[in-house]
Amino acid sequence: MTQYLIAGAAVAASALLRVLLDPILAAESPMLAFVVGVTVASWYGGLRPGLFATLLSVVVGDYLFVEPRMTFGVWSLVDATRIALFAFEGVVIAYLSGQRRDALEANRVLTDQIRQHNEQLDIEVRRRTAELRQSNEALETFVHTMSHDLTAPLRSIRGFADLIQQDFAGHVSERGREYTERIARAVHRLELLVHNLLAYTKLRQREIASETVSLDRIVRHVVHDMDDDINRAGGRVEVEAELGEVLAHRDTTGLIFANLISNGLKFVPRDRAPRVRVGAQRRAGRIRVSVSDNGIGIAASDRTRVFQPFERLPTADVYAGSGLGLALVARGVERMNGCYGVDTNHEGGTDFWFELPAAD
Amino acid sequence: MEAPILLVEDNPDDVLFLERAFAAAHVTAPLRVVNDSAGAIDYLVGQGKYTDRGAHPLPALLLLDLKMPGASGFVVLRWLREQPVLKRLPVVMLTSSAREEDAAQAYDLGANSYLVKPSGLKQLSELARQIEAYWLSLNHRSPITSIAGSGHH
């Protein structure tokens, strides 16, 4: 409705303009001024108000300015042609304006649709993220509860095996001692598996914060904790001096060393004493740590597979383990923005390496 | 009698192992055990079974488990830190949970230390030895008294 009012006002304004110019123009250009009105009406209203303005202009123009004035008649052919030409111009202007308005409207509708779509996507993303977070929290709680419920009885079994050995040392035969020793070892393996499973879940779920850590101190602790395992395997762990400091997560780094050293001690042929060497090299802002062993080695074709969770290579089948150790190493190094890899060394054993940013 | 270590632990196996571990580490301070949060509070207040302070002296150290049936260790910790003077009792959490949130909450509530229970007698004895060496020998304690109005001598 307003567009028609605007049209009417525009035509009235055009008429007023022509009236003001009448002393100069007299009978000349009766319709020219109305072009302005029609253009304005079309701009604001589009096709129909434009056509309305054109028609109104013809009526008003004919009545007021075309001879004979103050009548709806036309005397000359020239004037008639002028009116016709004006009407034609008006239609063209109205039509083009209409197209423009249609295009604008279409654009607006499209933009609205896009905005609505985006809002819906936003809601959906928020919903899915919340679901995922809930699911992750549930998983973590589950793993923690399982881990707790498993470790308590394991602790009991191990403790009583130890107590039997201690309290009944005089009464228990060599074989009895061996059996309790094997109970303790089996429990220890299970405890490691639960610990690894928990650590692996945590690595997948969370951000881990890095800080400056001393590789020397971490390796020292790990080797100290593994003292029993090293002795039982009849092996040796040699650690180079001054490995350096890196930006890393302390516990995760410890876990990585524990798993790599443990693998080095484990995967050796029966008749060989395992020897694991830990070294580090400075390389342009990073430190490359290597853990080398004299074990059964890893074929070049297996080098990627070996880091997958629960992958056990056929060559390693006879050795006990969870298949999670190297997956932990891989995930842990990745989470700390490092890189890792494996090579065969000149003894036929394996060189595991990983790189972390140097602390300085 | 030397001030005891009060162990708050519900798992009877863990109680046995810890008693053996402290014995193996030659810790002279007696180890007193309560099995739940209510028992712990009773002991510390000197009520219920523990009104005789001569027989049940205030401890020099609280070893507090987390996961217990009924009220968790956090309940004891929160209560303890609200008691005037008694709140100065050093508390070492001794739990199987290695969860970050549990450690964070323990420290938030005022625990002095957070230890994860190791497996194996050798490891437990080492733990007992270190607890004794640090918390009973090295650490300087501030005297704590019974809650005013309770306890007899």
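A note on names: the letters A, B, ... follow the listed sequences, proteins ahead of strands, and every chain is numbered from 1.
Residue-environment remark: CZ (A:Phe142) stays at or below the threshold of 12 foreign heavy atoms within 6.0 Å. Around CD of B:Glu101, the count of heavy atoms belonging to other residues, nucleotides or ligands within 6.0 Å exceeds 12. Applying the 6.0 Å contact sphere to CZ of A:Arg232 captures more than 12 heavy atoms from other residues, nucleotides or ligands. In this structure, A:Glu242 places its CD atom where only 12 or fewer heavy-atom neighbours from other residues, nucleotides or ligands lie under 6.0 Å away. Heavy-atom contacts from other residues, nucleotides or ligands closer than 6.0 Å to CZ of A:Arg127 number more than 12. Sparse packing is recorded around CZ of A:Arg217, with 12 or fewer heavy atoms of other residues, nucleotides or ligands lying under 6.0 Å away. Within a 6.0 Å radius of CZ in A:Arg272, more than 12 heavy atoms belonging to other residues, nucleotides or ligands are found.
Rounding to the nearest 0.5 Å places OG of B:Ser96 at 11.5 Å from CG of A:Leu150. The CZ atom of B:Arg99 lies 9.5 Å from the CG atom of A:Leu198; values are rounded to the nearest 0.5 Å. In this structure, A:Asp228 CG and B:Lys122 NZ are separated by 3.5 Å, a value rounded to the nearest 0.5 Å.
For chain B, no part of A:Ile157 is nearby; none of its heavy atoms comes within less than 4.5 Å. Only the side chain of A:Gln166 comes within contact range of chain B, judged by heavy atoms closer than 4.5 Å. With a threshold of 4.5 angstrom between heavy atoms, A:Asp225 does not approach chain B through any atom at all. Contact annotation for B:Leu124: neither backbone nor side-chain heavy atoms come within less than 4.5 Å of a heavy atom of chain A. With a 4.5 Å cut-off on non-hydrogen atoms, B:Arg20 touches chain A through its side chain but not through its backbone.
Ranked by non-hydrogen atom pairs under 4.5 Å with chain B, the options A:Leu163, A:Thr151, A:Leu154 are led by A:Leu163.
The closest side-chain heavy-atom distance from A:Arg158 to B:Leu121 is not below 4.5 Å.
Taking each heavy atom of B:Pro118 and A:Arg155 in turn, the nearest pair found is O-CD, 3.6 Å.
Distance alone, capped at 3.5 Å, places no donor-acceptor pair between the A:Asp162 side chain and the B:Gly120 backbone.
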